[in-house]
Protein chains: 2
Amino acid sequence: LIEMTNVSKSYESGSLKVQALSGVKLSIEANEYVALMGPSGSGKSTMMNILGCLDIPTAGRYLFADRDITTLKDNQLSEIRNRQIGFVFQSFHLLPRATALDNVELPLIYSGLSPEKRRARAMASLEQVGLSERMQHTPSELSGGQRQRVAIARALVNNPSLILADEPTGNLDSKTGIEIMALIATLHAQGNTVIMVTHEADIARQAGRIVKLRDGRIESDLPT
Amino acid sequence: LIEMTNVSKSYESGSLKVQALSGVKLSIEANEYVALMGPSGSGKSTMMNILGCLDIPTAGRYLFADRDITTLKDNQLSEIRNRQIGFVFQSFHLLPRATALDNVELPLIYSGLSPEKRRARAMASLEQVGLSERMQHTPSELSGGQRQRVAIARALVNNPSLILADEPTGNLDSKTGIEIMALIATLHAQGNTVIMVTHEADIARQAGRIVKLRDGRIESDLPT
Ligand SMILES: Nc1ncnc2c1ncn2[C@@H]1O[C@H](COP(=O)(O)OP(=O)(O)OP(=O)(O)O)[C@@H](O)[C@H]1O
Ligand SMILES: Nc1ncnc2c1ncn2[C@@H]1O[C@H](COP(=O)(O)OP(=O)(O)OP(=O)(O)O)[C@@H](O)[C@H]1O
Ligand SMILES: [Mg+2]
Ligand SMILES: [Mg+2]
């Protein structure tokens with residue numbers, strides 16, 4: 001499903017050049033459950049952005065379902081992102097003036113579903129993460145963990161086959177974190193592919209494989 | 001140092017009323033190290049905002065250093081916040097268009113220090129959290145954990161006597177998290193007061209006392 005060959009990503013601001021990723025080689029099959037770990041600043045979110053077709057490598061090649069992402073046009077990329085990928089961002093990226101329900105409904109806008117069906121699907125997704133009572137609140141009226149759960153509900157509302165979760169339980173108490181991990185385990189069991197950034201070893205152990213990054217390079221890639 | 005008596009906080013949006021805290025009674029001495037735990041949405045950040053003089057209770061009384069916070073004027077509150085309290089927010093609240101260095105220097109603007117001294121203090125604070133290499137980057141050019149560390153450096157730059165940290169290691173890998181906890185332990189050993197929200201039991205155990213919230217009420221308050 002995923003084939004990264006010699007992928008590099010650098011950022012330049014003025015005379016400063018930051019090498020976020022170098023020479024990354026990574027191959028992931030459909031229905032795998034991969035944990036991505038590594039120190040703060042080691043390139044995990046950068047890698048997730050490339051995997052999720054939100055960003056392109058500075059060098060190297062990325063094939064998603066055998067298609068070279070760097071050759072696709074914007075509308076093709078946004079189709080893949082919207083239909084096939086669910087992304088839980090490390091900093092959530094919720095629309096600040098929209099309610100939780102509106103935020104979760106957003107990915108369904110291009111699905112062709114009727115407004116009633118979209119609303120019902122969004123409500124079901126929010127119920128899965130325990131937020132039915134808070135649907136009409138905007139992000140500033142929600143706790144940190146509640147915002148994280150809205151981001152999770154939004155990522156899952158389109159039934160994506162690839163789930164990219166960047167520290168999805170970072171703001172959750174243990175019990176809620178366990179419920180979210182159980183939800184993700186269920187989605188994986190249904191045949192989907194999960195790639196999760198985490199810095200917690202017991203969360204990483206729930207995956208089938210752990211890829212560790214250090215200074216933009218893959219340091220190890222081993223089954224759990 | 002801290003005396004909360006029968007503190008309640010509710011939010012009203014339209015016809016919805018959310019009771020974030022009810023009847024909270026809490027007493028904290030100077031130089032204590034208190035961990036605050038509880039489920040997502042239980043009122044931890046709301047309590048931290050009141051403790052940090054950023055918000056006032058809807059009912060009840062809050063004494064900080066024997067002064068009733070609800071009777072103080074805005075400029076008196078902002079003096080206390082600036083001089084005596086260092087707040088690490090759950091969602092960081094960094095200025096998006098300022099560099100890490102500018103963000104950390106901000107609390108020093110009213111300190112009366114010269115520009116050179118402010119810059120030196122801000123640089124020292126960033127070095128303490130391992131970010132000397134990233135001082136000239138703006139938040140969008142930093143990783144999640146790097147932004148969290150800028151927020152920590154900013155909270156500590158004024159040598160506050162009360163440190164309020166809302167999940168300060170949530171976005172950090174284990175090793176960096178340990179370094180930050182060691183830094184906080186040192187500040188506590190120097191005589192300061194620390195109140196930290198965390199959902200991780202091994203982090204909470206480093207405190208002298210654990211206060212647990214549930215549905216806006218204190219469920220338990222025990223020494224570790
Ligand atoms: N401005 C607001 N308007 C309405 N409700 C609010 C507002 N701010 C917070 N709340 C509600 O108050 C409750 C407590 O929020 P708070 O942020 O204190 O929780 P928390 O314990 O910090 O949670 P988390 O662990 O998820 O960060 C939540 O149920 C939240 O939805
Ligand atoms: N737009 C940018 N310009 C310059 N440097 C950047 C930019 N975005 C990210 N970086 C740098 O690239 C490196 C990798 O960032 P990335 O966000 O991928 O790290 P991460 O592994 O997700 O870290 P964390 O665990 O702290 O979230 C960091 O050192 C960061 O400072
Ligand atoms: Mg990251
Ligand atoms: Mg909170």
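Below, read A as the first sequence line, B as the second, and so on, with proteins coming before strands; counting in each chain starts at 1.
Residues of residues 137-158 of chain B placed with any heavy atom under 4.5 Å of a heavy atom in chain A are listed by number as B:H137, B:E141, B:S143, B:G144, B:G145, B:Q146, B:R147, B:R149.
No more than 12 heavy atoms of other residues, nucleotides or ligands lie within 6.0 Å of CE in B:M123, so this atom counts as exposed by the packing criterion. The number of heavy atoms from other shown groups lying within 6.0 Å of CD (B:E133) does not exceed 12. The number of heavy atoms from other shown groups lying within 6.0 Å of CG (A:D74) does not exceed 12. No more than 12 heavy atoms of other residues, nucleotides or ligands lie within 6.0 Å of CD in B:E127, so this atom counts as exposed by the packing criterion. Other residues, nucleotides and ligands place no more than 12 heavy atoms under 6.0 Å from the CD1 atom of A:I56.
Looking at A:T169, the atoms closer than 4.5 Å to chain B (heavy atoms on both sides) all sit in the backbone: N, CA, C or O. Both the backbone and the side chain of B:S174 come within less than 4.5 Å of a heavy atom in chain A. Of the atoms belonging to B:T46, not a single heavy atom falls under 4.5 Å from chain A. Using a 4.5 Å cut-off between heavy atoms, B:E200 contacts chain A through its side chain alone, with no backbone atom that close.
Among residue pairs with one or both ends in residues 168-188 of chain B, those qualifying as ring-ring contact (aromatic ring centres under 6.0 Å, His included) are B:Y33-B:H188; sequence neighbours excluded. Within the structure, every pair that satisfies the side-chain hydrogen bond (donor to acceptor under 3.5 Å, both in side chains) test and touches residues 47-58 of chain B, not counting sequence neighbours, is listed here: B:K9-B:D55.
Side-chain atoms of B:R134 and A:V18, non-hydrogen and from C-beta on, do get closer than 4.5 Å to each other. Within the 4.5 Å cutoff, side-chain heavy atoms of A:N171 are placed close to those of B:Q90.
Just one of A:I180, A:D173, A:L131 meets the side-chain contact (heavy atoms from CB on, under 4.5 Å) condition when paired with B:S40; it is A:D173.
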Contacts table for residues 215-224 of chain B: side-chain donor-acceptor under 3.5 angstrom, sequence neighbours left out:
| residue | atom | partner | partner atom | Å |
| --- | --- | --- | --- | --- |
| B:E219 | OE2 | B:R214 | NE | 2.7 |
| B:D221 | OD1 | B:R209 | NE | 2.8 |
| B:D221 | OD1 | B:R209 | NH2 | 3.4 |
| B:D221 | OD2 | B:R209 | NH2 | 2.9 |
| B:T224 | OG1 | B:A207 | O | 2.7 |
| B:T224 | OG1 | B:G208 | O | 3.4 |

